[in-house]
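Quick note on labels: first sequence line is chain A, next is B, and so on, each numbered from 1.
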Number of protein chains: 2
Amino acid sequence: MKRKITLKQIAKELDVSISTVSKALRNSIEISEDTRQKVQAFAKLYNYRPNNIALSLKNRKTKTIGIIIPEIVHHFFSKVITGIELVANKRGYNVIVGLSNESFDKEVINMQMLANGSIDGFILSIAKETLQQQDYHHFIETINQGMPIVMFDRVVNEIPCDKVIVDDIEGAKKAVEKLISNGCKHIGIITTKDYVSVGKLRTQGYLTALDDHKIEPESSLILKVDDKLLSDDHLDALEKEIEQLFKSNKSIDGIFAVNELYAVTAMKVARKLGYEVPNDIQVISFTDGVLSKHSTPSLTTVSQHGQEIGEKAADLLINRLEMDDEDEIAEDEEEYYETVIIETDLIERESTKS
Amino acid sequence: MKRKITLKQIAKELDVSISTVSKALRNSIEISEDTRQKVQAFAKLYNYRPNNIALSLKNRKTKTIGIIIPEIVHHFFSKVITGIELVANKRGYNVIVGLSNESFDKEVINMQMLANGSIDGFILSIAKETLQQQDYHHFIETINQGMPIVMFDRVVNEIPCDKVIVDDIEGAKKAVEKLISNGCKHIGIITTKDYVSVGKLRTQGYLTALDDHKIEPESSLILKVDDKLLSDDHLDALEKEIEQLFKSNKSIDGIFAVNELYAVTAMKVARKLGYEVPNDIQVISFTDGVLSKHSTPSLTTVSQHGQEIGEKAADLLINRLEMDDEDEIAEDEEEYYETVIIETDLIERESTKS
DNA sequence: TGGCTAAACGAAAACGTTTTCGTGTTAAAA
DNA sequence: TTTTAACACGAAAACGTTTTCGTTTAGCCA
């Protein structure tokens, strides 16, 4: 078991100085053709690779991106990571991930662990608990220390950084309009409590769509689920709430759900109550994941293009990282930070009439 | 925007030496109570944190684990990561991920990127292409350089390292036995080509179960799908193959699928052909993911306990990392490397009779 | 022969830590 | 008063690079 070889060892072995070895390997013209060949041959033989940590220390950049997300067992988030990793790798960066588990404390700890030199910048999506507490000091401090952040999906406006978001309002609107044009008269929405920004926005899109078509919203058709019920342990409770929604709205004929789980659960309840999808009730969900594709009937969904979000976020971050050195725009300019909106697509499947 | 403060700056500001600052912060008794307080107060004020990269360089360990997996958009793998991250964090480690995309080249590149000092050890699951080519030199070389590897799920015996695997044979056997005891007489299996080790093992378990119950296996009941069909683009082809299986075995009354997708697709085809699950046909799948839980009928599955696998793998790796320094066992001992087998559980749901 | 230039190489600093080994000062012991 | 020991602190090396700025040697010309 031979440890990795270093410049120093090569230098010693070949009886030259460290500087000579370094230069020879980088093909400096300062070094004679002879020694260059000798050094390179030796290095190749021993499979020399420069130590990354030493480089990071010297260059004061790690070529590593920190990702902090609420959870990873989630189609959307893993798609985003895929996108980030793709462009990061292509541009010579590594990716280090931390999970907040939707907890404020873990989010803070994770950021501190990484902000001490381990990474050059963050890509993150805010934990629910943080959104509730509205305590964003850890983001602000990180940014103030000169470490750029790119936020995606769950963002808050007051933080000065680049953002990549989905057009939640527009996406929801498209979905509801589809239901309307498909003949639905009484469209229910299954959404989250308002502090989850995306839930709120999607609800807003729902209301806008109704309004645009002169449909009076009915509060009994709006179910705001406590998102603790998103965890698998509380599936029963979720089903009960949805069942209640159906029973108190006998004429319901369309459902817009802000995520897949709500949608498939709604279909399940509907079937149990004797409705048939899509003939009696049509269903559309946000987030195009595995469930939508493989449920029966398969779900018409609003695709968020998670991978594209990840790619865009990584590009934004790396651009900023590699610009910082030279161009260094005036930081107080109006349009210093960018917010990219990724358009959603409506993917039609079997849960709506065609 | 003030950059992160360093020991040197604190030293200069307080007019003491760097060593004094370092010692004061670590509460060395060498330093007087007075200066200690002064330094610590100053450090706190400026929110000093030791630079991780510098520490890594000095200590020659990064406290970072490299994970390389085929893909991340996959319930099982993301569960494993969750487990790894959990214990890694608890034990003071970070986690850096690379995706091989099932490609041999990307696997090699990724390992090289990380093996140059960025991490202390690997946790990985081998890419399909690598398994096909049976070229494992990059693993061997990494290990020879003194960097420990822990492999999980997709492993190969010839590589000297710790391993965490699922008892695929036993799990498959349990599933098939459940079908048998539920009265199935003609049990089909939908599996992958043999070079995917887990597919092969699960097939083996299927055959063992049949044999144990004196049931003659029929080759027409064994469908080995080209796993290119696992990607969503080829769903139609997958359905066709499965439909063929049904049509050439009219008396089929049980299906064991080696993954969720095969199982839900089988159920879909079955329904289309007029079979009812579980009355006409009972279905069990390997891998307990989201699909199983939320399909209708929900799937009886063999749970692999992905998170537990991740936790165990991380513990094995970190144990080895922290042992290496001191105890340093004789490397040629028989039982130098450990293989942990995680037991599977059969989770009964609606796709089998109870 | 003296001086100059180019070629080939080495010394040393820097990145930010920790730690070992001095060193100077002061107070206590002889 | 001298010796010793404790105390408080600093200098420097080390981790592995890259890069700037010498320094040496040889060759060339006058």
Side-chain angles (χ1 to χ4, degrees), chain A residues 2-40 42-43 46-64 115-120 145-147 325, chain B residues 2-40 42-43 46-64 115-120 145-147 325:
Chain A
K2 34 186 182 173
R3 285 233 156 276
K4 291 213 60 109
I5 199 169
T6 70
L7 286 187
K8 195 195 274 194
Q9 293 170 47
I10 300 185
K12 194 171 177 184
E13 214 67 39
L14 263 47
D15 207 43
V16 292
S17 78
I18 297 181
S19 346
T20 305
V21 178
S22 176
K23 289 172 189 163
L25 290 175
R26 324 194 100 247
N27 274 318
S28 159
I29 46 159
E30 272 187 73
I31 306 299
S32 73
E33 186 62 25
D34 247 27
T35 21
R36 239 188 294 172
Q37 300 240 337
K38 206 171 47 177
V39 171
Q40 295 192 2
F42 191 90
Y46 282 88
N47 196 26
Y48 168 81
R49 311 268 166 198
N51 181 305
N52 236 316
I53 296 292
L55 284 180
S56 296
L57 184 59
K58 178 135 195 33
N59 302 330
R60 284 138 120 226
K61 50 184 64 170
T62 61
K63 291 259 176 186
T64 304
N116 301 318
S118 303
I119 61 162
D120 295 340
Q145 285 180 355
M147 178 161 298
D325 302 332
Chain B
K2 38 192 178 170
R3 284 235 158 273
K4 290 214 60 110
I5 198 169
T6 71
L7 285 187
K8 195 194 273 195
Q9 293 169 45
I10 300 185
K12 193 171 178 185
E13 213 68 37
L14 262 48
D15 208 43
V16 292
S17 79
I18 297 183
S19 348
T20 304
V21 177
S22 175
K23 288 172 189 163
L25 289 177
R26 326 193 99 246
N27 273 317
S28 159
I29 46 162
E30 271 188 75
I31 305 299
S32 73
E33 185 62 24
D34 247 27
T35 21
R36 238 188 295 172
Q37 300 241 335
K38 206 171 49 178
V39 171
Q40 295 193 2
F42 191 90
Y46 282 89
N47 195 26
Y48 168 80
R49 311 270 166 196
N51 180 304
N52 236 316
I53 296 292
L55 284 181
S56 296
L57 184 58
K58 177 136 196 35
N59 302 330
R60 284 140 119 225
K61 48 183 66 170
T62 61
K63 291 262 177 184
T64 304
N116 300 320
S118 304
I119 61 162
D120 296 339
Q145 286 181 355
M147 179 161 298
D325 302 331

### Message
Looking at A:S32, I'd like to know whether one of its side-chain N or O atoms comes within less than 4.0 Å of OP1 or OP2 on C:dC9.
### Response
yes
### Query
C:dG16 C1' sits how many Å from B:N52 CG, rounded?
11 Å
### OG1-CD1 distance between B:T20 and B:I10, expressed to the nearest 0.5 angstrom
12.0 Å
### Query
Among B:N52, B:N51, B:N47, which one satisfies side chain to side chain donor-acceptor pair (under 3.5 Å) with B:R49?
B:N47
### Query
Do A:E33 and A:Q37 meet the criterion of a side-chain donor-acceptor pair at a distance under 3.5 Å?
yes
### Message
Rounded to whole Å, please give me the gap between CG in B:N59 and C1' in C:dT17.
### Response
8 Å
### Query
Is the distance from OP1 or OP2 of D:dT17 to the nearest side-chain N or O of A:K8 less than 4.0 Å?
no
### Task
When you get a sec, tell me which of C:dC9, D:dG16, C:dC15 is the closest nucleotide to the side chain of A:T35?
C:dC9
### Query
In terms of side-chain heavy atoms, does A:S32 have a donor or acceptor partner in A:T35 at a distance below 3.5 Å?
yes
### Message
Distance check needed: C:dA8 C1' versus A:I29 CD1, whole Å only.
### Response
11 Å
Nucleotides 20-28 of chain C: which of its N/O atoms have a protein N/O under 3.5 Å away?
{"unit_1": "C:dT20", "atom_1": "O4", "unit_2": "B:K23", "atom_2": "NZ", "d": "3.2"}

### Query
Among C:dC9, D:dT18, D:dG16, which nucleotide sits nearest the side chain of A:L7?
D:dT18
### Task
Let me know the distance between CD1 of B:I53 and C1' of D:dC15, rounded to the nearest Å.
13 Å
### Task
Nearest whole angstrom, please: distance from the C1' of C:dG16 to the CD1 of B:I10.
12 Å
### Any A:R60 side-chain N or O less than 4.0 Å from OP1/OP2 of C:dA14
no
### Query
Got more than 12 heavy atoms from elsewhere within 6.0 Å of CG, B:D15?
no
### Summary
Rounded to the nearest 0.5 angstrom, the NZ-CG distance for B:K4 and A:N116 is 5.0 Å
### Nucleotide of D:dT18, C:dG10, D:dA14 approaching B:K58 most closely (side-chain heavy atoms)
D:dA14
### Query
How close or far is atom P of D:dC15 from atom CZ of A:R3, stated in whole angstroms?
13 Å
### Message
With rounding to the nearest 0.5 angstrom, report the OH to CD distance, A:Y48 to A:Q9.
### Response
10.5 Å
### Candidate nucleotides C:dT19, D:dT18, D:dG10, ranked by approach to the side chain of B:R26 - the nearest
C:dT19
### Task
Measure the CG-NZ distance between B:L55 and B:K63 for me, rounded to the nearest 0.5 Å.
10.5 Å
## Note on the structure
Whole-Å distance, A:N116 CG to C:dG16 P, equals 13 Å
#### Entry: Closest listed nucleotide, where the reference is the side chain of B:P50 and the choices are C:dT17, C:dC15, D:dG16
C:dT17
### Message
Once you apply a heavy-atom cut-off of 4.0 Å, does A:R49 come out as touching a base, just sugar-phosphate, or nothing?
### Response
sugar-phosphate
### Query
Considering only side-chain heavy atoms of A:Y48, which listed nucleotide, C:dT17, D:dC15, D:dT17, is closest?
D:dT17
### Query
Atom CD1 of A:I31 to atom P of D:dT19: distance rounded to whole Å?
13 Å
#### Entry: Candidate nucleotides C:dG16, D:dT17, C:dT19, ranked by approach to the side chain of B:S22 - the nearest
C:dT19
